[in-house]
Amino acid sequence: MPFKLFDVDKEIPERKEFIYVKDSVDPEEHIPKCNTKTIPGCMTERGCAFAGVKGVITGAVKDVVHVVHSPVGCTTYGCGSKRYPTSPDLPNGDKMPIENFNLKYIMGTDLKESDVVFGGMKKLRQSVLEAAKEFPFVSAIYTYATCTTGLIGDDMDAVAKELSEELGKDVIAFNAPGFSGPTQSKGHHVGNITLFNKLVGTKEPPETTQYDVNLIGEYNIDGDLWVLQDYFKEIGINILSTFTGDCSHDEICWMHRAKLSLVRCQRSANYIAELIEEKYGVPYIKVDFFGPRYCAENLLAVAEHFGLEEKAEALIERKMKEIQPKLDFYKEKLRGKKVWVFSGGPKNWHLPEPLKEHLGMETVAVSTMFEHEDGYEKIKERVGEGTVIFDDPNSLELEEIIEDYKPDIILSGIKEKYIAHKLGVPCMLIHSYENGPYMGFEGFLNLAQDIYASIYSPVWNMLEFEEEIEEEEQVVE
Ligand code: CFM
(Lines give C-alpha, C1' and ligand atoms only; values in the text may rest on other atoms or scores of the structure.)
Protein backbone atom coordinates (compact mmCIF):
# COMPACT_ATOMS: atom_id res chain seq x y z
CA MET A 1 0.00 0.00 0.00
CA PRO A 2 2.57 2.57 -1.01
CA PHE A 3 0.17 5.35 -2.04
CA LYS A 4 -2.09 6.94 0.49
CA LEU A 5 -5.22 9.06 0.33
CA PHE A 6 -5.49 11.51 3.20
CA ASP A 7 -8.82 11.80 5.02
CA VAL A 8 -9.06 15.45 4.00
CA ASP A 9 -8.76 14.45 0.33
CA LYS A 10 -11.80 12.18 0.21
CA GLU A 11 -13.46 14.49 -2.28
CA ILE A 12 -10.37 14.63 -4.50
CA PRO A 13 -9.21 10.99 -4.80
CA GLU A 14 -6.74 11.98 -7.55
CA ARG A 15 -4.47 13.24 -4.77
CA LYS A 16 -3.60 9.64 -3.88
CA GLU A 17 -1.05 9.36 -6.69
CA PHE A 18 0.87 12.34 -5.30
CA ILE A 19 1.35 10.88 -1.81
CA TYR A 20 3.71 7.96 -1.36
CA VAL A 21 4.78 6.20 1.84
CA LYS A 22 8.24 4.70 1.57
CA ASP A 23 8.42 0.96 1.62
CA SER A 24 11.70 -0.44 0.35
CA VAL A 25 10.13 -3.55 -1.14
CA ASP A 26 8.29 -1.33 -3.64
CA PRO A 27 9.59 -1.10 -7.17
CA GLU A 28 11.99 1.78 -7.73
CA GLU A 29 9.60 3.65 -9.99
CA HIS A 30 7.14 4.14 -7.15
CA ILE A 31 7.45 7.82 -6.42
CA PRO A 32 4.82 10.54 -6.09
CA LYS A 33 3.34 11.94 -9.26
CA CYS A 34 4.93 15.35 -9.76
CA ASN A 35 5.76 18.29 -12.02
CA THR A 36 2.21 18.48 -13.27
CA LYS A 37 -0.61 20.91 -12.68
CA THR A 38 -2.29 21.28 -9.31
CA ILE A 39 -5.57 19.38 -8.98
CA PRO A 40 -8.50 21.78 -9.05
CA GLY A 41 -9.91 22.07 -5.55
CA CYS A 42 -6.51 22.07 -3.86
CA MET A 43 -5.23 25.22 -2.19
CA THR A 44 -1.64 24.85 -3.38
CA GLU A 45 1.44 26.42 -1.79
CA ARG A 46 3.21 26.74 -5.13
CA GLY A 47 4.51 29.82 -6.90
CA CYS A 48 4.19 30.71 -10.57
CA ALA A 49 6.66 30.62 -13.45
CA PHE A 50 7.36 34.37 -13.20
CA ALA A 51 8.24 33.81 -9.52
CA GLY A 52 10.63 31.09 -10.66
CA VAL A 53 12.59 33.37 -12.93
CA LYS A 54 12.59 36.67 -11.03
CA GLY A 55 12.25 35.34 -7.49
CA VAL A 56 14.92 32.69 -7.86
CA ILE A 57 17.26 33.00 -10.83
CA THR A 58 17.66 36.66 -11.69
CA GLY A 59 16.71 38.47 -8.47
CA ALA A 60 20.12 37.73 -6.96
CA VAL A 61 22.05 39.61 -9.67
CA LYS A 62 23.30 42.71 -7.93
CA ASP A 63 23.83 45.32 -10.62
CA VAL A 64 20.72 45.17 -12.77
CA VAL A 65 17.32 46.78 -12.42
CA HIS A 66 14.22 44.68 -12.96
CA VAL A 67 11.21 46.00 -14.86
CA VAL A 68 8.16 43.80 -14.46
CA HIS A 69 5.68 44.14 -17.30
CA SER A 70 2.50 43.68 -15.31
CA PRO A 71 -0.37 45.20 -13.41
CA VAL A 72 1.00 46.48 -10.14
CA GLY A 73 0.43 43.30 -8.12
CA CYS A 74 3.05 41.09 -9.79
CA THR A 75 5.56 43.90 -9.43
CA THR A 76 4.83 44.41 -5.75
CA TYR A 77 5.06 40.71 -4.95
CA GLY A 78 8.09 40.32 -7.20
CA CYS A 79 10.36 42.03 -4.73
CA GLY A 80 11.88 41.37 -1.36
CA SER A 81 10.66 37.86 -0.78
CA LYS A 82 13.94 36.01 -0.98
CA ARG A 83 16.93 36.79 1.23
CA TYR A 84 19.94 36.77 -1.01
CA PRO A 85 22.22 39.59 0.14
CA THR A 86 24.95 41.00 -2.09
CA SER A 87 28.26 42.70 -1.53
CA PRO A 88 28.65 46.08 -3.27
CA ASP A 89 31.84 45.03 -5.10
CA LEU A 90 31.79 44.72 -8.88
CA PRO A 91 34.40 42.83 -10.94
CA ASN A 92 35.79 46.03 -12.48
CA GLY A 93 36.61 47.44 -9.05
CA ASP A 94 33.57 49.75 -8.87
CA LYS A 95 31.08 49.58 -6.05
CA MET A 96 27.29 49.60 -6.20
CA PRO A 97 26.15 52.96 -4.76
CA ILE A 98 23.17 51.36 -2.99
CA GLU A 99 23.74 48.46 -0.64
CA ASN A 100 21.75 45.31 -1.41
CA PHE A 101 20.28 47.05 -4.45
CA ASN A 102 18.85 43.72 -5.66
CA LEU A 103 16.71 43.40 -2.53
CA LYS A 104 15.47 46.96 -2.40
CA TYR A 105 14.32 48.05 -5.84
CA ILE A 106 11.97 46.84 -8.52
CA MET A 107 10.12 48.69 -11.26
CA GLY A 108 6.93 47.87 -13.10
CA THR A 109 4.85 49.03 -16.02
CA ASP A 110 1.64 49.33 -13.96
CA LEU A 111 -0.61 48.03 -16.74
CA LYS A 112 -4.16 49.25 -16.88
CA GLU A 113 -7.25 48.14 -18.79
CA SER A 114 -6.49 50.34 -21.80
CA ASP A 115 -3.02 48.77 -22.13
CA VAL A 116 -4.61 45.35 -22.16
CA VAL A 117 -6.93 46.47 -24.94
CA PHE A 118 -4.43 48.44 -27.03
CA GLY A 119 -1.15 46.67 -26.12
CA GLY A 120 1.50 47.47 -23.53
CA MET A 121 4.69 47.76 -25.58
CA LYS A 122 4.80 51.53 -25.48
CA LYS A 123 4.52 51.47 -21.73
CA LEU A 124 7.26 48.87 -21.47
CA ARG A 125 9.55 51.02 -23.58
CA GLN A 126 8.81 54.07 -21.49
CA SER A 127 9.34 52.20 -18.22
CA VAL A 128 12.69 50.78 -19.30
CA LEU A 129 13.86 54.24 -20.33
CA GLU A 130 12.73 55.60 -16.97
CA ALA A 131 14.54 52.79 -15.15
CA ALA A 132 17.73 53.55 -17.07
CA LYS A 133 17.46 57.20 -16.12
CA GLU A 134 16.59 56.54 -12.48
CA PHE A 135 19.43 54.04 -11.96
CA PRO A 136 22.20 55.06 -14.38
CA PHE A 137 24.78 52.92 -12.57
CA VAL A 138 23.19 49.55 -13.45
CA SER A 139 24.94 47.28 -15.93
CA ALA A 140 21.76 45.96 -17.52
CA ILE A 141 17.97 46.01 -17.41
CA TYR A 142 15.96 42.79 -17.11
CA THR A 143 12.29 42.80 -18.09
CA TYR A 144 9.66 40.17 -17.33
CA ALA A 145 6.51 38.94 -18.98
CA THR A 146 3.64 38.10 -16.63
CA CYS A 147 0.23 36.48 -17.17
CA THR A 148 -1.33 39.67 -18.46
CA THR A 149 1.38 40.53 -20.95
CA GLY A 150 1.71 36.90 -22.01
CA LEU A 151 -1.97 36.89 -22.85
CA ILE A 152 -2.03 40.16 -24.76
CA GLY A 153 1.06 38.98 -26.63
CA ASP A 154 3.40 41.95 -26.32
CA ASP A 155 6.62 41.28 -28.21
CA MET A 156 9.00 41.97 -25.37
CA ASP A 157 12.06 40.68 -27.22
CA ALA A 158 11.55 43.31 -29.92
CA VAL A 159 11.37 46.11 -27.33
CA ALA A 160 14.42 44.72 -25.51
CA LYS A 161 16.46 44.51 -28.70
CA GLU A 162 15.61 48.03 -29.75
CA LEU A 163 16.38 49.46 -26.32
CA SER A 164 19.67 47.56 -25.95
CA GLU A 165 20.91 49.40 -29.02
CA GLU A 166 19.49 52.71 -27.91
CA LEU A 167 20.83 52.57 -24.34
CA GLY A 168 24.11 50.84 -25.08
CA LYS A 169 23.54 48.27 -22.35
CA ASP A 170 21.91 44.86 -22.30
CA VAL A 171 18.12 44.89 -22.01
CA ILE A 172 16.92 41.31 -21.62
CA ALA A 173 13.34 40.00 -21.82
CA PHE A 174 12.38 36.94 -19.77
CA ASN A 175 9.32 35.29 -21.25
CA ALA A 176 7.92 33.18 -18.44
CA PRO A 177 4.37 34.38 -17.83
CA GLY A 178 2.90 32.93 -14.63
CA PHE A 179 0.72 30.41 -16.42
CA SER A 180 3.45 29.05 -18.70
CA GLY A 181 4.15 25.99 -16.54
CA PRO A 182 2.71 24.10 -13.59
CA THR A 183 5.16 25.58 -11.05
CA GLN A 184 8.01 28.04 -10.57
CA SER A 185 10.28 25.34 -11.97
CA LYS A 186 9.26 26.43 -15.47
CA GLY A 187 10.60 29.91 -14.70
CA HIS A 188 13.96 28.46 -13.64
CA HIS A 189 14.19 26.77 -17.02
CA VAL A 190 13.30 29.90 -18.98
CA GLY A 191 15.73 31.95 -16.89
CA ASN A 192 18.58 29.53 -17.59
CA ILE A 193 17.94 29.36 -21.31
CA THR A 194 17.51 33.11 -21.70
CA LEU A 195 20.68 33.96 -19.81
CA PHE A 196 22.60 31.33 -21.74
CA ASN A 197 21.34 32.39 -25.15
CA LYS A 198 21.58 36.12 -24.58
CA LEU A 199 24.67 36.50 -22.38
CA VAL A 200 27.06 33.58 -22.02
CA GLY A 201 30.00 34.05 -24.36
CA THR A 202 29.45 37.78 -24.91
CA LYS A 203 32.24 39.07 -22.63
CA GLU A 204 35.70 38.05 -21.48
CA PRO A 205 36.81 37.96 -17.83
CA PRO A 206 39.55 40.43 -16.78
CA GLU A 207 41.81 37.48 -15.94
CA THR A 208 41.65 33.71 -15.81
CA THR A 209 43.52 30.99 -13.90
CA GLN A 210 43.84 27.22 -14.12
CA TYR A 211 41.57 26.95 -11.09
CA ASP A 212 38.47 28.81 -12.27
CA VAL A 213 35.03 27.37 -11.56
CA ASN A 214 31.44 28.42 -12.10
CA LEU A 215 29.40 27.90 -8.96
CA ILE A 216 25.97 27.27 -10.46
CA GLY A 217 22.66 27.20 -8.57
CA GLU A 218 24.02 28.93 -5.49
CA TYR A 219 21.96 31.99 -4.60
CA ASN A 220 23.69 33.13 -1.40
CA ILE A 221 20.67 32.57 0.80
CA ASP A 222 21.48 34.36 4.05
CA GLY A 223 25.19 34.25 3.17
CA ASP A 224 25.59 30.56 2.12
CA LEU A 225 27.75 31.51 -0.85
CA TRP A 226 30.15 33.52 1.28
CA VAL A 227 30.82 30.45 3.45
CA LEU A 228 31.66 28.40 0.36
CA GLN A 229 33.71 31.22 -1.14
CA ASP A 230 36.01 31.19 1.91
CA TYR A 231 36.49 27.43 1.63
CA PHE A 232 37.32 27.57 -2.06
CA LYS A 233 39.69 30.46 -1.56
CA GLU A 234 41.57 28.57 1.12
CA ILE A 235 41.80 25.47 -1.07
CA GLY A 236 43.07 27.57 -3.99
CA ILE A 237 40.03 27.40 -6.26
CA ASN A 238 38.79 30.60 -7.87
CA ILE A 239 35.07 31.21 -8.33
CA LEU A 240 35.01 32.97 -11.69
CA SER A 241 31.21 33.25 -11.82
CA THR A 242 28.35 32.42 -9.53
CA PHE A 243 24.99 31.70 -11.00
CA THR A 244 23.56 33.83 -9.51
CA GLY A 245 24.19 34.56 -5.82
CA ASP A 246 25.96 37.90 -5.25
CA CYS A 247 26.82 37.91 -8.95
CA SER A 248 27.19 40.74 -11.41
CA HIS A 249 25.69 40.83 -14.88
CA ASP A 250 29.15 40.51 -16.48
CA GLU A 251 29.97 37.32 -14.59
CA ILE A 252 27.18 35.55 -16.43
CA CYS A 253 28.58 36.79 -19.74
CA TRP A 254 31.94 35.06 -19.16
CA MET A 255 30.80 31.74 -17.66
CA HIS A 256 32.13 29.97 -20.75
CA ARG A 257 35.71 30.61 -19.58
CA ALA A 258 35.61 28.46 -16.41
CA LYS A 259 37.48 25.15 -16.30
CA LEU A 260 34.72 23.37 -14.40
CA SER A 261 31.12 24.05 -13.40
CA LEU A 262 29.80 22.98 -10.00
CA VAL A 263 26.03 22.54 -9.85
CA ARG A 264 24.77 23.18 -6.33
CA CYS A 265 20.99 23.47 -6.73
CA GLN A 266 20.23 20.68 -9.14
CA ARG A 267 16.64 21.65 -9.76
CA SER A 268 16.89 25.29 -10.78
CA ALA A 269 20.19 25.45 -12.62
CA ASN A 270 21.36 22.18 -14.11
CA TYR A 271 20.08 23.47 -17.47
CA ILE A 272 22.73 26.14 -17.91
CA ALA A 273 25.53 23.81 -16.79
CA GLU A 274 24.48 21.35 -19.50
CA LEU A 275 24.23 24.06 -22.15
CA ILE A 276 27.70 25.42 -21.29
CA GLU A 277 29.16 21.93 -21.45
CA GLU A 278 27.49 21.25 -24.79
CA LYS A 279 28.56 24.47 -26.48
CA TYR A 280 31.88 25.31 -24.79
CA GLY A 281 33.06 21.92 -23.50
CA VAL A 282 33.22 23.02 -19.85
CA PRO A 283 32.47 19.88 -17.79
CA TYR A 284 30.25 20.01 -14.73
CA ILE A 285 29.85 18.04 -11.53
CA LYS A 286 26.95 18.01 -9.09
CA VAL A 287 27.80 19.11 -5.57
CA ASP A 288 26.13 19.22 -2.15
CA PHE A 289 27.41 21.19 0.81
CA PHE A 290 24.57 20.73 3.30
CA GLY A 291 25.79 18.92 6.42
CA PRO A 292 29.40 18.24 7.45
CA ARG A 293 29.84 14.86 5.73
CA TYR A 294 28.40 15.89 2.36
CA CYS A 295 30.36 19.13 2.57
CA ALA A 296 33.64 17.32 3.28
CA GLU A 297 33.09 14.73 0.55
CA ASN A 298 32.16 17.29 -2.06
CA LEU A 299 34.95 19.73 -1.22
CA LEU A 300 37.38 16.85 -1.60
CA ALA A 301 35.88 15.81 -4.92
CA VAL A 302 36.23 19.33 -6.31
CA ALA A 303 39.77 19.71 -4.92
CA GLU A 304 40.78 16.37 -6.45
CA HIS A 305 39.74 17.63 -9.85
CA PHE A 306 42.45 20.29 -9.53
CA GLY A 307 45.01 18.23 -7.59
CA LEU A 308 44.47 20.32 -4.44
CA GLU A 309 43.23 17.60 -2.10
CA GLU A 310 45.83 18.21 0.60
CA LYS A 311 44.60 21.73 1.19
CA ALA A 312 41.01 20.51 1.26
CA GLU A 313 41.86 17.80 3.77
CA ALA A 314 43.52 20.33 6.08
CA LEU A 315 40.51 22.63 5.91
CA ILE A 316 38.06 19.81 6.57
CA GLU A 317 40.04 18.56 9.55
CA ARG A 318 40.23 22.01 11.09
CA LYS A 319 36.55 22.78 10.54
CA MET A 320 35.42 19.44 11.94
CA LYS A 321 37.51 19.97 15.06
CA GLU A 322 35.90 23.36 15.53
CA ILE A 323 32.30 22.22 15.21
CA GLN A 324 32.33 18.67 16.61
CA PRO A 325 31.95 19.46 20.35
CA LYS A 326 29.00 21.75 19.67
CA LEU A 327 27.44 19.25 17.26
CA ASP A 328 27.71 16.59 19.97
CA PHE A 329 25.75 18.84 22.33
CA TYR A 330 22.94 19.36 19.80
CA LYS A 331 22.85 15.69 18.90
CA GLU A 332 22.34 14.86 22.54
CA LYS A 333 19.41 17.27 22.69
CA LEU A 334 17.82 16.48 19.33
CA ARG A 335 18.24 12.70 19.09
CA GLY A 336 14.96 11.00 18.20
CA LYS A 337 13.11 14.25 17.41
CA LYS A 338 10.83 14.00 14.41
CA VAL A 339 11.02 16.42 11.52
CA TRP A 340 8.94 17.25 8.49
CA VAL A 341 10.82 18.98 5.69
CA PHE A 342 8.76 20.98 3.19
CA SER A 343 10.69 23.09 0.70
CA GLY A 344 10.57 23.72 -3.00
CA GLY A 345 12.57 20.70 -4.03
CA PRO A 346 16.24 19.89 -3.48
CA LYS A 347 16.47 20.83 0.20
CA ASN A 348 14.20 17.83 0.77
CA TRP A 349 16.87 15.44 -0.37
CA HIS A 350 19.79 17.46 0.98
CA LEU A 351 18.61 17.44 4.58
CA PRO A 352 17.23 14.08 5.81
CA GLU A 353 20.59 12.27 5.95
CA PRO A 354 22.60 15.06 7.65
CA LEU A 355 19.78 15.56 10.16
CA LYS A 356 19.91 11.85 10.97
CA GLU A 357 23.65 11.31 10.88
CA HIS A 358 24.80 14.45 12.67
CA LEU A 359 21.80 15.23 14.88
CA GLY A 360 20.01 11.90 15.32
CA MET A 361 16.72 13.31 13.99
CA GLU A 362 14.11 11.22 12.15
CA THR A 363 12.49 12.61 9.03
CA VAL A 364 8.85 11.47 9.15
CA ALA A 365 7.52 13.48 6.22
CA VAL A 366 8.94 15.19 3.18
CA SER A 367 7.04 17.31 0.70
CA THR A 368 7.97 19.58 -2.16
CA MET A 369 6.31 22.24 -4.24
CA PHE A 370 7.90 21.51 -7.60
CA GLU A 371 10.44 18.70 -7.53
CA HIS A 372 10.73 16.45 -10.60
CA GLU A 373 11.15 12.65 -10.84
CA ASP A 374 14.94 12.67 -10.38
CA GLY A 375 14.62 14.65 -7.15
CA TYR A 376 11.96 12.33 -5.76
CA GLU A 377 14.18 9.36 -6.56
CA LYS A 378 16.92 10.93 -4.46
CA ILE A 379 14.47 11.71 -1.66
CA LYS A 380 13.21 8.12 -1.64
CA GLU A 381 16.78 6.83 -1.41
CA ARG A 382 17.64 9.07 1.52
CA VAL A 383 14.64 8.72 3.87
CA GLY A 384 13.72 5.84 6.17
CA GLU A 385 10.88 3.32 5.96
CA GLY A 386 7.42 4.72 6.50
CA THR A 387 8.35 8.32 5.66
CA VAL A 388 5.56 9.99 3.76
CA ILE A 389 6.76 11.69 0.59
CA PHE A 390 4.27 13.96 -1.12
CA ASP A 391 4.06 16.48 -3.90
CA ASP A 392 2.28 19.84 -3.90
CA PRO A 393 0.51 19.60 -0.51
CA ASN A 394 -2.75 21.45 -0.05
CA SER A 395 -3.36 23.38 3.16
CA LEU A 396 -5.66 20.77 4.71
CA GLU A 397 -3.06 18.07 4.22
CA LEU A 398 -0.65 20.22 6.21
CA GLU A 399 -2.93 19.91 9.20
CA GLU A 400 -3.48 16.19 8.74
CA ILE A 401 0.25 15.53 8.54
CA ILE A 402 0.79 17.44 11.75
CA GLU A 403 -1.93 15.43 13.52
CA ASP A 404 -0.93 12.01 12.20
CA TYR A 405 2.85 12.21 12.13
CA LYS A 406 3.33 14.55 15.10
CA PRO A 407 6.58 16.19 13.97
CA ASP A 408 8.58 17.90 16.72
CA ILE A 409 9.58 20.52 14.19
CA ILE A 410 8.67 21.55 10.66
CA LEU A 411 11.28 23.02 8.33
CA SER A 412 9.35 24.96 5.72
CA GLY A 413 8.43 28.43 4.48
CA ILE A 414 6.61 31.48 5.69
CA LYS A 415 3.22 30.30 4.37
CA GLU A 416 3.25 27.27 6.65
CA LYS A 417 5.04 28.72 9.64
CA TYR A 418 2.12 30.43 11.30
CA ILE A 419 -0.37 27.62 10.59
CA ALA A 420 2.04 25.32 12.40
CA HIS A 421 2.47 27.76 15.26
CA LYS A 422 -1.28 28.01 15.68
CA LEU A 423 -1.33 24.24 16.02
CA GLY A 424 1.41 24.46 18.64
CA VAL A 425 4.19 22.98 16.52
CA PRO A 426 7.62 24.63 16.16
CA CYS A 427 8.26 25.60 12.58
CA MET A 428 11.26 27.36 11.14
CA LEU A 429 12.19 28.74 7.78
CA ILE A 430 14.26 26.49 5.58
CA HIS A 431 13.83 28.52 2.37
CA SER A 432 15.30 31.83 3.52
CA TYR A 433 16.49 30.58 6.92
CA GLU A 434 16.15 31.98 10.44
CA ASN A 435 19.76 32.78 11.37
CA GLY A 436 21.77 31.52 8.41
CA PRO A 437 23.96 30.70 6.65
CA TYR A 438 23.06 27.00 6.87
CA MET A 439 25.55 25.73 4.29
CA GLY A 440 28.92 24.15 5.07
CA PHE A 441 30.35 23.20 8.47
CA GLU A 442 29.57 26.29 10.53
CA GLY A 443 26.32 26.69 8.60
CA PHE A 444 25.09 23.30 9.70
CA LEU A 445 25.86 24.32 13.26
CA ASN A 446 23.64 27.39 12.79
CA LEU A 447 20.87 25.13 11.55
CA ALA A 448 21.26 22.81 14.55
CA GLN A 449 21.23 25.76 16.90
CA ASP A 450 18.03 27.19 15.35
CA ILE A 451 16.30 23.80 15.49
CA TYR A 452 17.33 23.39 19.11
CA ALA A 453 16.15 26.90 20.03
CA SER A 454 12.80 26.35 18.26
CA ILE A 455 12.04 22.99 19.84
CA TYR A 456 13.22 23.92 23.31
CA SER A 457 11.57 27.34 23.42
CA PRO A 458 9.48 27.56 26.61
CA VAL A 459 6.64 29.12 24.64
CA TRP A 460 5.28 25.73 23.52
CA ASN A 461 4.46 24.79 27.12
CA MET A 462 2.56 28.00 27.66
CA LEU A 463 0.07 27.49 24.85
CA GLU A 464 -3.45 26.63 25.83
CA PHE A 465 -5.81 25.06 23.34
CA GLU A 466 -9.56 25.32 23.54
CA GLU A 467 -10.19 21.59 24.01
CA GLU A 468 -7.71 21.45 26.85
CA ILE A 469 -9.34 24.42 28.54
CA GLU A 470 -12.78 22.82 28.17
CA GLU A 471 -11.48 19.57 29.62
CA GLU A 472 -10.02 21.41 32.58
CA GLU A 473 -13.31 23.20 33.14
CA GLN A 474 -15.14 19.91 33.15
CA VAL A 475 -12.74 18.56 35.75
CA VAL A 476 -13.41 21.60 37.93
CA GLU A 477 -17.16 21.08 37.59
FE1 CFM B 1 17.08 25.41 -5.67
FE2 CFM B 1 16.95 27.14 -3.90
FE3 CFM B 1 15.60 24.88 -3.80
FE4 CFM B 1 14.94 26.70 -5.61
FE5 CFM B 1 13.13 27.88 -4.05
FE6 CFM B 1 15.10 28.38 -2.33
FE7 CFM B 1 13.83 26.09 -2.26
MO8 CFM B 1 12.61 28.32 -1.59
S9 CFM B 1 16.78 27.54 -5.95
S10 CFM B 1 15.07 24.62 -5.80
S11 CFM B 1 13.09 27.80 -6.17
S12 CFM B 1 17.63 25.17 -3.56
S13 CFM B 1 13.59 29.65 -3.09
S14 CFM B 1 17.24 28.72 -2.49
S15 CFM B 1 14.43 27.30 -0.69
S16 CFM B 1 11.90 26.66 -2.90
S17 CFM B 1 14.43 23.93 -2.25
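Just so you know, ligand 1 is whichever comes first in the structure, and atom 1 is the first atom listed for that ligand.
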Against heavy atoms of Y219, which atoms of ligand 1 measure under 4.0 Å? 9 (S)

Can you sort out which atoms of ligand 1 are near G344, meaning under 4.0 Å from one of its heavy atoms? 7 (Fe), 16 (S), 17 (S)

Name the closest protein heavy atom to atom 4 (Fe) of ligand 1, giving the residue it belongs to and the distance to 0.1 Å. F370 CZ, 4.0 Å

With sequence neighbours left out, which residue pairs that include part of residues 279-301 fulfil the salt bridge (Lys or Arg N to Asp or Glu O under 4.0 Å) condition? D288-R382, R293-E297, R293-E353, R293-E357

For S268, take its heavy atoms, then give the atoms of ligand 1 lying under 4.0 Å from any of them. 1 (Fe), 9 (S)

Is it true that K337 and E362 have a side-chain N and a carboxylate O under 4.0 angstrom from each other? no

What orientation do Y144 and H66 show, parallel under 30°, tilted 30 to 60°, or perpendicular over 60°? tilted

State if Y84 counts as touching ligand 1 under the rule of any non-hydrogen atom under 4.0 Å. no

Show me which atoms of ligand 1 lie under 4.0 Å from any heavy atom of H188. 11 (S)

Just by distance, with hydrogens left out, do E397 and N394 show a side-chain donor and acceptor under 3.5 Å apart? yes

Aromatic plane relationship, F101 with F135 - under 30° parallel, 30 to 60° tilted, over 60° perpendicular: perpendicular

Parallel, tilted or perpendicular: which describes the rings of F441 and Y231, with under 30° parallel and over 60° perpendicular? tilted

The atoms of ligand 1 lying under 4.0 Å from a heavy atom of I221, numbered in the order shown, are 14 (S)

Using a strict 4.0 Å cut-off to heavy atoms of S343, name the atoms of ligand 1 that fall inside it. 17 (S)

Close-contact set for ligand 1 against V56 heavy atoms, below 4.0 Å: 9 (S), 11 (S)

With a 4.0 Å cut-off on heavy atoms, does Q266 reach ligand 1? no

min-distance protein heavy atom vs atom 1 (Fe) of ligand 1 -> C265 SG, 2.2 Å

Out of H431, R83, K82, R267, who gets a non-hydrogen atom closest to atom 2 (Fe) of ligand 1? K82

Kindly assign one of parallel, tilted or perpendicular to the pair F3 and H30, based on the angle between their ring planes and the thresholds 30° and 60°. perpendicular

With salt bridge (charged side-chain N to carboxylate O under 4.0 Å, His left out) as the criterion, how do K62 and E251 come out once you've worked through the C-alpha distance, each side chain's angles and the decisive distance to 0.1 Å? CA-CA 11 Å; K62 59 185 162 189; E251 277 174 55; 5.3 Å; no

Taking only heavy atoms of P346 into account, list the atoms of ligand 1 that are under 4.0 Å away from them. 3 (Fe), 10 (S), 17 (S)

How does Q184 reach ligand 1, by side chain, by backbone, by both or by neither, if only non-hydrogen atoms under 4.0 Å count? neither

Quick one, V53 and T58 - any side-chain contact, counting heavy atoms below 4.5 Å? yes

Looking at D392 and R46, is there a salt bridge between them, counting it only when a charged N and a carboxylate O are closer than 4.0 Å? yes

heavy-atom search around atom 15 (S) of ligand 1 in the protein gives K347 NZ, 3.0 Å

